[in-house]
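Sequence positions, counted from 1, serve as the residue numbers for this chain. Indexing begins at 1, ligand by ligand and atom by atom, following the structure's order.
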Amino acid sequence: MKRIAFLASGRGSNFQAVIDSMVRGEVPAECSGLITDNPRAYAVNRAEKAGIPVYIVDYSAYPSKDAYEADLLAAMTKCDADLFILAGYMRIVGAGIVQAFPGRIINIHPALLPSFPGLHAQRQAIDYGVKVSGCTVHFVDEHMDNGPIIIQAAVPVIEGDDEETLAERILVQEHRCLPEAVRLFCQGRLQIVDRRVQRRPDR
Ligand code: GAR
């Protein structure tokens with residue numbers, strides 16, 4: 001059974017979606033920890049309720065990003081996970097961490113990458129005027145919101161949408177796509193060839 005761990009900064013609804021699918025037996029994995037940079041993150045309550053070990057690495061308590069990431073790396077190492085999931089983790093992961101876990105970190109982003117990377121992706125989509133946005137689950141590389149794409153889902157932008165209504169509609173798809181990507185990873189069915197993710201058939 002694979003071991004998975006999460007990094008989350010806030011509400012943690014994507015974290016919850018994955019652990020719920022594990023409980024339902026859809027994802028063959030056990031969860032070895034939730035790491036947060038924000039001690040007030042609601043994700044912490046969710047982890048405690050589920051009996052998952054919590055590692056708080058409070059970003060605001062560190063003098064520099066390097067010092068923070070040294071302790072973040074230590075917490076990730078303690079989790080001893082096969083896969084780390086950035087589930088609403090709102091910081092850029094440093095190159096040292098990416099290199100420590102090559103091909104073993106995935107992220108969910110609330111837009112169809114490579115459109116609208118970075119913060120406020122839903123607001124960016126509305127401001128640009130696209131008619132379709134969505135979500136992307138991808139492997140993390142050294143560049144922000146850039147690595148090989150595992151799954152995407154399209155979501156219509158509807159006349160009158162604001163950031164919040166669009167975010168809500170995209171979130172429904174996030175809660176479907178993230179557990180699915182984690183399931184495929186845990187079943188050993190994802191392979192990165194160049195920058196394409198190939199999916200092996202179920203055996
Ligand atoms: C989600 O919409 C996720 O895609 C987004 O933050 C939200 C977290 O919600 N992530 C990013 O914007 C990363 N750049 P959650 O805490 O309820 O899962």
**OP:** Look at the side chain of T36 and the backbone N and O of I56, then say whether any donor-acceptor pair between them is shorter than 3.5 Å.
**Re:** no
Original post:
Identify the closest protein heavy atom to atom 14 (N) of ligand 1: which residue and atom is it, and at what distance?
Top reply: H109 ND1, 3.8 Å
Original post:
Okay, side chain of H109, backbone of F116: is any donor-acceptor separation there less than 3.5 Å?
Top reply: yes
**OP:** Indicate yes or no: does an N/O atom of N14 lie under 3.5 Å from an N/O atom of ligand 1?
**Re:** yes
Subject >> Of the listed options G88, S13, C177, closest to atom 15 (P) of ligand 1 (non-hydrogen atoms) >> reply: S13
**OP:** Using a strict cut-off of 4.0 Å, indicate which atoms of ligand 1 neighbour a heavy atom of R11.
**Re:** 9 (O), 15 (P), 16 (O), 17 (O)
Original post:
Got more than 12 heavy atoms from elsewhere within 6.0 Å of CZ, R196?
Top reply: no
**OP:** Enumerate the atoms of ligand 1 whose separation from the nearest heavy atom of E174 is less than 4.0 angstrom.
**Re:** 1 (C), 2 (O), 3 (C), 4 (O)
Original post:
So, for R199 and I151, which heavy atoms are closest and what is the spacing to 0.1 Å?
Top reply: NH2-CG1, 3.7 Å
Original post:
Just distances here: any N/O of G12 and N/O of ligand 1 closer than 3.5 Å?
Top reply: yes
**OP:** Return yes if some donor-acceptor pair links the side-chain N/O of R189 with the main-chain N/O of R200 below 3.5 Å, else return no.
**Re:** yes
Original post:
Starting from atom 13 (C) of ligand 1, which protein heavy atom do you reach first, and at what distance in Å?
Top reply: M90 SD, 3.8 Å
Subject >> Greater than 12 external heavy atoms within 6.0 Å of K78's NZ >> reply: no
